[in-house]
Amino acid sequence: MSINVQFFASLRETIGRQQLALDYTSPMTVQTVWSQATGEQSMPDNTLCAINMEYVKPDASVQDGDEVAFFPPVTGG
Amino acid sequence: MSINVQFFASLRETIGRQQLALDYTSPMTVQTVWSQATGEQSMPDNTLCAINMEYVKPDASVQDGDEVAFFPPVTGG
Amino acid sequence: MPAILIDTPFNPWEEIQRYQSEQLQAGHYGATASFVGTMRDFNINETVSHMTLEHYPAMTQHYLDRLCETCRQKYELDDCLIIHRFGDIYPDEPIVLTVAWSAHRAPAFDACRYLMEELKSSAPFWKKEVTDKGERWVHNDLPSDKK
Amino acid sequence: MPAILIDTPFNPWEEIQRYQSEQLQAGHYGATASFVGTMRDFNINETVSHMTLEHYPAMTQHYLDRLCETCRQKYELDDCLIIHRFGDIYPDEPIVLTVAWSAHRAPAFDACRYLMEELKSSAPFWKKEVTDKGERWVHNDLPSDKK
């Protein structure tokens, strides 16, 4: 198992990749997933985070097998 | 010239007529038009009054040639 | 920004499309808010077979025309539209349509609702329902501020 | 109370009629409030030739499905409907439709607007516009409370 990390929209372009698999290490938060996935880049202030399709804050805990997504403020509708 | 008096909906049924012409006498208010047109009946509390298609209060002045209408609260839409 | 009174059934969705394609500038409006009031087959727990919507023809047209004008002055709109039935109306038939077109959603929503609230409180229409117990005038429970 | 994601143009007025005739009980609802968001050909004073609406497919469907459920619990509705485009969209094409059916106008208006406000603030869609000066991501000026 591992963490499936996804980036969307402008964040995908900034980071330069859409998705990657990260080895799971306990304990892990959304913030540590971001840091490992981006090579310790700082997370833009307005970044939205989701675990398994649900919005969470960066300090939320991640479990093995989770899908963790990062994206900019939404602009649909 | 004269005053054209109109009654609508349940008020038309209560008064028993839809319209009548009233001789104009100066001064005249909507209230005096009502009283003369209905044989001194009292005006129901929630009655709406209009002069020439514009809502007015019962103490508004009426001019020769005006159309004065009385009706219950509206229920369109 | 017309207000249209008609005494025959109308299809509100076709009217919106027709008006939009004839009167609105394509690509200019970004928000269309609409409301359709439809006749129900029950009211206050009684079955209603049909109703008659009486109005004060000259005043109704005057009132609705001015309501459209006021609405366009009050909100930033591309256009607005009101269609209202009168006469005999049967369950499932649309009674009223209000539409507001704007660049943005807030004025469109606000204007569409404003049209309906004003119309409900002040447009000179009166409903008489025919139920299995006979005819009855519909009463508006809301206090009127227009007296 | 479906939420539908599609990548081809749709006619919101035909979709309302179709859904209504297939899913709603005639004579039961008295109020239908709807909103259509349409692509404009200008934004922030620049001409926009088209845009690409990116989304997070699994989360979008999940989010919109739950939004419909929440909306039905929050307001007294007969039903509600969301249709949202993704992919390439051209000026004058509808992007989103929200509809709420109720016995009365207040819950219909409130629910239709609630669907749009929630969707605008939280549904995972991102617009990239193509203008004569190149491509650009659209920014939402409103603060997000979801972080």
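Letters A, B, ... mirror the listed sequences (proteins, then strands); counts begin at 1. Keep in mind the model is a prediction, meaning the values are calculated, not measured.
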Atom pairs and distances, donor-acceptor, side-chain atoms in residues 20-27 of chain A, under 3.5 Å, two or more places apart:
none

Side chains of D/His55 and A/Phe8 in contact at under 4.5 Å (non-hydrogen atoms):
no
Please state whether the rings of A/Tyr55 and D/Tyr63 are parallel, tilted or perpendicular, taking 30° and 60° as the class boundaries.
perpendicular
All heavy atoms of A/Met53 vs all of D/Ala58, minimum pair found to be CE-CB, 3.6 Å
Do you know which two heavy atoms are closest between A/Thr75 and D/Leu53, and how far apart they sit?
O-CD1, 4.5 Å
Between the CE atom in D/Met59 and the CZ atom in A/Phe71, the distance rounded to the nearest 0.5 Å is 4.0 Å
For atom CD of D/Glu46, decide whether the heavy atoms of other residues, nucleotides or ligands shown that lie under 6.0 angstrom number more than 12.
yes
Can you check whether A/Val74 reaches D/Phe125 side chain to side chain, under 4.5 Å on heavy atoms?
no
Side chain / backbone / both / neither for D/Ala123 at chain A, heavy atoms under 4.5 Å:
backbone
Select one option (side chain, backbone, both, neither) describing which atoms of D/Arg66 are under 4.5 Å from chain A's heavy atoms.
side chain
I'd like to check A/Glu54 versus D/His62 (side-chain heavy atoms, cut-off strictly below 4.5 Å). Are they in contact?
yes
Minimum side-chain heavy-atom gap A/Pro72-D/Trp126 below 4.5 Å:
yes
A/Ser10 side, atom OG; D/Arg136 side, atom CZ - distance, nearest 0.5 Å:
14.0 Å
